[in-house]
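Since the structure is predicted, the reported quantities are computational estimates derived from the model, not experimental observations. Here, residue 1 is the first one in the sequence, and each next residue gets the next number. Just so you know, ligand 1 is whichever comes first in the structure, and atom 1 is the first atom listed for that ligand.
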Amino acid sequence: MNTCVRQAYTPSGQLCDEALGLALDHLRQGHPVALPSETVYGLAADATSEVATARIFECKERPRFDPLIVHLSTATPLEEVALVPKEDRERVIALIEQFWPGPLTILLPKAPCIPDLVTSGSSLVALRSPAEPVFQAVLAEFGKPLAAPSANRFGRVSPTDAAAVVAELGGRIPLVLDGGCTRIGLESTIVALTRTGLSILRPGPITAEMLATFCVEERGAQSLTAKTPGSMASHYAPATPLRVFKKVTPDVVKPYERVGVIYWGLKPSLEGPYVVAVPWSLDAKEPLVNAASRLFGLIRALDSARLDLIAVEEVPREGMGVAIMDRIERAAARR
Ligand code: TXA
Ligand code: MG
């Protein structure tokens with residue numbers, strides 16, 4: 001299959017109707033299309049169609065035990081896709097008012113229009129309304145929710161630009177809508193409602209601090225179903241071995257010939273023609289937010305540089321740093 005890449009925005013920054021129209025044609029025919037969200041690129045298909053969503057699993061080589069997030073237009077009433085228990089309604093509305101459209105995914109009891117395939121048989125569906133205008137425009141025109149996992153092959157690094165989508169899924173999907181680099185660069189926070197509060201199943205851009213008024217409970221290791229990759233140790237894995245260090249010193253790199261270092265703070269003084277050192281962040285004011293947006297691109301670039309090791313320095317585990325360290329530690333876990 002030929003994978004076509006189309007600019008989603010015109011040079012003056014308007015949505016490109018022609019490209020969006022093409023995406024809608026494919027979606028209406030039940031074919032998955034890759035498109036940008038504010039977090040990472042997603043591979044979208046009609047969330048109410050078992051045939052269309054089965055194609056997502058196929059293209060990604062994703063096992064069917066790993067459920068898909070369903071994306072909603074801001075105009076879609078929640079009741080269309082979720083059966084929210086009366087006692088939870090107030091909290092859910094407050095969450096949505098505060099964080100949608102945006103990078104917060106909420107697990108709620110699913111409505112019958114969502115096929116079991118989408119939730120891998122669970123009675124709960126993961127829902128979010130993305131903030132990226134391209135995604136919202138496609139949702140609004142399509143008129144139905146779109147299931148969309150990250151647009152990478154199963155177990156690999158999430159794509160944050162159109163070229164990365166093509167590297168992952170080129171030849172398998174008909175179209176990539178190119179909206180440039182994604183703004184946040186890290187997947188949405190996933191939360192589940194507990195009896196009185198919230199449990200964070202996957203840390204992300206909406207941090208525990210931002211959710212504090214909703215009473216965040218300690219994250220249980222078994223909170224995501226044990227089989228889902230959100231809870232699997234090894235995920236986001238580059239082909240090159242990746243290890244995490246508090247600080248990268250000459251001792252650490254000595255046993256290797258070709259090392260790529262992602263450093264936090266001061267550049268480590270390391271010798272050798274084969275040592276590539278890149279900073280986590282280029283922004284002194286928002287270092288963790290900037291590091292998050294560079295995370296997957298840096299790993300992808302170093303992974304293609306034929307290195308023996310990617311050595312990564314820890315970032316502070318606060319705010320966005322919690323999600324960065326979550327992804328890095330999963331990337332470090334060998335399959
Ligand atoms: O930012 C994001 O969330 C991106 C963009 C495209 O929206 N999507 C994304 O999807 O990261 P994906 O499939 O790569 O990761 C979704 C995670 C998976 O670990 C999956 O197991 C979990 O969410 N998940 C989805 N539905 C679930 C459900 N019903 N119950 C439990 N976990 C669920
Ligand atoms: Mg993913």
*Under 3.5 Å between some N or O of ligand 1 and some N or O of L124?*
yes

*V118 and T53: which non-hydrogen atoms are nearest, and at how many Å?*
CG2-CG2, 3.7 Å

*Is there a heavy atom in P103 that sits closer than 4.0 Å to ligand 1?*
no

*Looking only at non-hydrogen atoms, find the nearest pair between Q98 and F214 and report the distance.*
OE1-CE1, 3.5 Å

_Residues T240, R258; criterion side chain to side chain donor-acceptor pair (under 3.5 Å); working and verdict_ = CA-CA 11 Å; T240 314; R258 299 167 63 92; over 6 Å; no

_Proximity to ligand 1 by part of I190, non-hydrogen separation under 4.0 Å_ = side chain

*Heavy-atom proximity to atom 13 (O) of ligand 1, best of R62, E187, E132, E38*: R62

*asked:* Looking only at distances, can you tell me whether any N or O atom of K60, backbone or side chain, sits closer than 3.5 Å to an N or O atom of ligand 1?
replied: no

*Heavy atom of R128 under 4.0 Å from ligand 1?*
yes

_Residue G42 vicinity, atoms of ligand 1 by number, heavy atom under 4.0 Å_ = 6 (C)

*Purely on distance, is any nitrogen or oxygen of S122 under 3.5 Å from one on ligand 1?*
no

*For ligand 1, which atoms sit closer than 4.0 Å to a heavy atom of T39?*
1 (O), 2 (C), 4 (C), 5 (C)

*Hey, is the Mg ion (ligand 2) within less than 2.8 Å of some N/O/S atom on S158?*
no

*Looking just at side-chain N and O atoms, do E187 and S150 make a donor-acceptor pair shorter than 3.5 Å?*
no

*Check whether any N or O atom of Y41, backbone or side chain, sits under 3.5 Å from an N or O atom of ligand 1, and answer yes or no.*
no

*Verify whether one side chain among S129 and Q136 offers a donor that lies under 3.5 Å from an acceptor in the other.*
yes

*Give the intermediate values and the outcome of side-chain contact (heavy atoms from CB on, under 4.5 Å) for residues E80 and K144.*
CA-CA 10 Å; E80 258 181 39; K144 285 191 273 185; over 6 Å; no

_Distance-only N or O hit between ligand 1 and D66, under 3.5 Å_ = yes

*Mind checking whether A148 contacts ligand 1 via backbone (N, CA, C, O), side chain (CB onward), both or neither, at a 4.0 Å heavy-atom cut-off?*
backbone

*Please indicate whether any nitrogen or oxygen in T105 is less than 3.5 Å from any nitrogen or oxygen in ligand 1.*
no

*Going by distance only, is there an N or O of H71 that falls short of 3.5 Å from an N or O of ligand 1?*
yes

_Check E61 with R172, please: is the shortest side-chain N to carboxylate O separation under 4.0 Å?_
yes

*If every non-hydrogen atom of A192 is compared with every non-hydrogen atom of L201, which pair is closest and at what distance?*
CB-CD1, 4.0 Å

